[in-house]
Number of protein chains: 2
Amino acid sequence: MTVWDRPEPRNAPVPLDREQIIAAAIALADEGGLEAVSLRKVAARLNAGPMRLYGYISTKDELFDLMVDEVHAEILPAEQPGDWREALRVLAHRTRQAALRHVWLADLLGGRPTLGPNGMAVTEAKLAALDGLADIDTTLRAAETVSSYLIGAIRREIANLRAERATGLSKREWQRASGPHLTKMLATGRFPTLTKVVHHSRETNAEESFATGLDWVLDAVAAKLTPPSA
Amino acid sequence: MTVWDRPEPRNAPVPLDREQIIAAAIALADEGGLEAVSLRKVAARLNAGPMRLYGYISTKDELFDLMVDEVHAEILPAEQPGDWREALRVLAHRTRQAALRHVWLADLLGGRPTLGPNGMAVTEAKLAALDGLADIDTTLRAAETVSSYLIGAIRREIANLRAERATGLSKREWQRASGPHLTKMLATGRFPTLTKVVHHSRETNAEESFATGLDWVLDAVAAKLTPPSA
DNA sequence: TCTCATGGCGAGACACTGTATCGCCGCCGT
DNA sequence: ACGGCGGCGATACAGTGTCTCGCCATGAGA
């Protein structure tokens, strides 16, 4: 065996730490979705063998948790508005934007408790915005209600976005032209209200829908924070 | 080769239709979660080879869609209350109960548009409950907002439930005893509000939390359906 | 400077996965 | 009784997450 066919002693012996692993995994997910993330591919991107990762990570789910936490760092704004409502609104919109940048986030959001440092910082920010405006239980319920709406709305939006992308058409076009199944379903007459809505509703802008629903939920929260009797 | 070692001409030649496949898949998922559902195992449960399923199903994701739609059949109540608010409340609670019966539903809810007949029937029911109480766009927005809360709240609840089950303790116990990570995190002092909430909030009942948040959202919807000016 | 022990690393193995291909075999029509 | 057809499953393939184990490069000690 000559020097030439002997493998290099190490392929770019990058020191390799968690951050790099997470970054590589996120890059992979951004490009090809969550299912494109395999430990082998993440390792390959770092010029390492698959088993090397297990020094920094103990399971694939743990890697997903770390990815989610990393994105939560993007979500937390530099500075928070003093107004609780504005603070929650900003947090919500930043979460949505992060999900649009990293569509795979929708698959993970709400799937596990967020115990990472950044995720907890976001939770803290939500609670802090509401702190002192009502008793603790109401504060907690308010934060949870807003978060629930957030998770559901983002998931729905991304799900629709993917469906549209799959057919490559706008929503309106999609349901009319490329959705023969839906058309047939509606034609059965078993869904009169749905049919009416589909045909007569305005062309919807996703961001506007999100913002409107969010405002409604915030209205509801506001009503509970400042009880009408007080 | 004798008769004895020759395989039976067919292992219980069950005619096999979609319903059975879906039922088998749901049973598997109920027992071992979504990841316990593999085409091989589903087929085995029906005394069939894996490839047999492809006559009724074209991909695994499609099977998941069918499972979700099947559960939506459990969700639709026999009869709907006339009161829109009560109708939506019943629908929401039935969805939650279905998710508690089939925890894997939380992983799928909101992940793809619901285009199955039962899923669409549920959507129809939601819209029908709100029909005529406002213009079409408001109706749609209301239904979507409630659905978003529903998806997020269920996902969060199931995520927590799984985390608790993993440690085998009650929520309170969990965060106090078995969550050394969390304890350490809170001890850093970077999450003052969260810490306060964790220590001072009431022991929470999941169903009550869900119901309360739902009521808030329904309040918000009610306010939009009957504008204060009218 | 030479040697030895240590431990990080990766090759390989294992038990699976979803899905495509293809040839057998039982059944139905003639 | 025979022939052709078609549904079915064995087999194959490219992948997956994770475990085990032995190599080899690096450090310490003589």
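Excluded from the calculations below are hydrogen atoms, water molecules and symmetry mates; all remaining heavy atoms, backbone and side chain alike, are included.
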- Message: Strictly below 4.0 Å, N to O, side chains only: are B:Glu74 and B:Arg94 in salt-bridge contact?
- Response: no
- Message: If the threshold is 4.0 Å, N to carboxylate O, is there a salt bridge linking A:Glu35 and B:Lys60?
- Response: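 So A:Glu35 does not pair with B:Lys60 through a salt bridge.
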- Quick one: does B:Ile26's side chain get under 4.5 Å of B:Val37's, heavy atoms only? no
Which protein N or O atoms sit under 3.5 Å from an N or O of nucleotides 19-22 of chain D?
none

Taking only residues two or more places apart in sequence, or in another chain, which ones meet [X] in a side chain to side chain contact (heavy atoms under 4.5 Å, CB included)?
| X | answer |
| --- | --- |
| A:Leu66 | A:Arg18, A:Ile22, A:Ile57 |
| B:Arg112 | B:Asp61, B:Asp65 |
| B:Val122 | B:His72, B:Ile75, B:Leu76, B:Lys126 |

- Item | A:Met120 vs B:Leu186, side-chain contact (heavy atoms from CB on, under 4.5 Å): CA-CA, chis, key distance, verdict | CA-CA 9 Å; A:Met120 284 181 64; B:Leu186 294 183; 3.9 Å; yes
- Query: Considering residues at least two apart in sequence or located in another chain, which fulfil the ring-ring contact (aromatic ring centres under 6.0 Å, His included) criterion with B:His93?
  - Reply: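 Applying ring-ring contact (aromatic ring centres under 6.0 Å, His included) to B:His93 gives B:Phe210.
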- Proximity to the side chain of A:Ala48 - top-ranked nucleotide from C:dG10, D:dG9, C:dT17: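 Shortest atom-to-atom distance from the side chain points to C:dG10.
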- Item | Nucleotide nearest A:Arg52 when distance is taken to its side chain, options C:dG10, C:dT19, D:dC8 | C:dG10
- Item | Any A:Thr59 side-chain N or O less than 4.0 Å from OP1/OP2 of D:dG17 |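 Checking A:Thr59 against D:dG17: no side-chain N or O falls below 4.0 Å of OP1 or OP2.
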Please give, in whole Å, the distance from [N] [atom2] to [X] [atom1]?
| X | N | atom1 | atom2 | value |
| --- | --- | --- | --- | --- |
| A:Asn47 | C:dG8 | CG | P | 21 Å |
| A:Phe64 | D:dG17 | CZ | P | 8 Å |
| A:Leu53 | C:dA11 | CG | P | 13 Å |
| B:Leu63 | C:dG18 | CG | P | 10 Å |

- Message: At a heavy-atom distance below 4.0 Å, what parts of residues 23-30 of chain B sit against DNA chain D?
- Response: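 Those residues whose heavy atoms fall under 4.0 Å from DNA chain D, taken from residues 23-30 of chain B, amount to none.
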- Message: I'd like to know if B:Arg40 reaches the base of C:dG18 with its side chain such that a donor and an acceptor end up less than 3.5 angstrom apart.
- Response: yes
- Query: Of the non-hydrogen atoms in A:Tyr56 and A:Asp17, which two are nearest, and what is the gap between them?
  - Reply: CE2-CA, 3.9 Å
